[in-house]
Amino acid sequence: MQPSRQFSENVYALVECIPKGRVMTYGQIAGLCGNARAARIVGGIAHYGPVSLPWHRVVNRSGGLANGYYGGQEGQKAALVNEGVEVFGDSGDYKVLLETYLWSPNS
DNA sequence: CCATTGACGAAGA
DNA sequence: TTCTTCGCCAATG
């Protein structure tokens with residue numbers, strides 16, 4: 001297989017596969033896609049890529065919400081809360097409990 | 001085709 | 001302990 005181009009494909013598939021009420025980290029997604037060091041690529045794809053995917057379920061390794069989300073952290077936070085995820089922190093520093101909401105495709 | 005970006009991660013100061 | 005810097009590699013312009 002040629003994982004190179006499939007990277008974005010894997011990212012899209014994984015993000016779409018994240019069940020409601022769960023989240024995944026960029027690093028984990030990158031690792032599952034074959035490039036553990038391409039965490040930025042995931043974020044890059046998210047930025048360049050379509051908004052058609054549940055990017056609001058994707059958080060950074062600290063469980064913090066993304067910093068360039070199209071609707072801002074408050075938008076992503078609202079989306080997560082809307083799915084039953086408890087979001088802690090204040091404006092600009094939202095975060096979720098990875099211990100509780102982190103999801104894995106093998107799960 | 002070349003240069004720059006990018007919503008991260010981990011290490012260093 | 002927090003802040004800063006480097007590295008990673010794909011996608012966009």
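For the numbers below, each heavy atom of this structure counts, side chains included, while hydrogens, waters and symmetry mates do not. In what follows, every chain begins at residue 1, and chains take the letters A, B, ... in the order their sequences are listed.
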What integer distance in Å separates [X]:[atom1] from [N]:[atom2]?
X	N	atom1	atom2	value
A:R40	C:dC9	CZ	P	12 Å
A:N10	C:dA10	CG	C1'	13 Å
A:N35	C:dG7	CG	C1'	14 Å
A:Y12	C:dA10	OH	P	14 Å

Distance check, rounded to the nearest 0.5 Å: [X] atom [atom1] versus [Y] atom [atom2]?
X	Y	atom1	atom2	answer
A:I41	A:Y48	CD1	OH	9.0 Å
A:L102	A:R61	CG	CZ	13.0 Å
A:W55	A:H47	CH2	NE2	12.0 Å
A:L80	A:Y94	CG	OH	11.5 Å
A:N10	A:L32	CG	CG	9.0 Å
A:Y12	A:C17	OH	SG	14.5 Å

With sugar-phosphate meaning primed atoms plus P, OP1 and OP2, does A:A46 contact a base, only sugar-phosphate, or nothing at under 4.0 Å between heavy atoms?
base
Mind checking A:G44 for me? I need base, sugar-phosphate or nothing, with any heavy atom below 4.0 Å counting as a touch.
nothing
Residues within [range] bordering DNA chain B, heavy-atom distance below 4.0 Å:
range	answer
residues 79-107 of chain A	none
residues 17-30 of chain A	A:Y26, A:G27
residues 57-67 of chain A	A:N60, A:R61, A:A66, A:N67

Residue pairs, two or more places apart or on separate chains, that pass salt bridge (charged side-chain N to carboxylate O under 4.0 Å, His left out) and touch residues 11-37 of chain A:
none
Just by distance, do the side chain of A:R57 and the backbone of A:I18 share a donor-acceptor pair under 3.5 Å?
yes
Quick one: does any side-chain atom of A:Q28 pair with a main-chain N or O of A:S104 as donor and acceptor, under 3.5 Å?
no
Stepwise, does the side-chain contact (heavy atoms from CB on, under 4.5 Å) test hold for A:L97 with A:F88?
CA-CA 8 Å; A:L97 297 177; A:F88 298 89; 3.8 Å; yes
Students should find this one: the first and last nucleotides of DNA chain B, 5' to 3', lying under 4.0 Å from a heavy atom of chain A. What are they?
B:dT5 to B:dA10
Let's go through A:M24 and A:V15 carefully: what are the C-alpha distance in whole Å and the side-chain angles of both, what is the deciding distance for side-chain contact (heavy atoms from CB on, under 4.5 Å) to 0.1 Å, and is it a yes or a no?
CA-CA 8 Å; A:M24 287 188 75; A:V15 175; over 6 Å; no
Apply side chain to side chain contact (heavy atoms under 4.5 Å, CB included) to A:V51 and list each qualifying residue two or more places apart in sequence or on a separate chain.
A:Y70
List the steps and the verdict of side-chain contact (heavy atoms from CB on, under 4.5 Å) for A:L65 and A:Y69.
CA-CA 8 Å; A:L65 303 186; A:Y69 190 65; over 6 Å; no
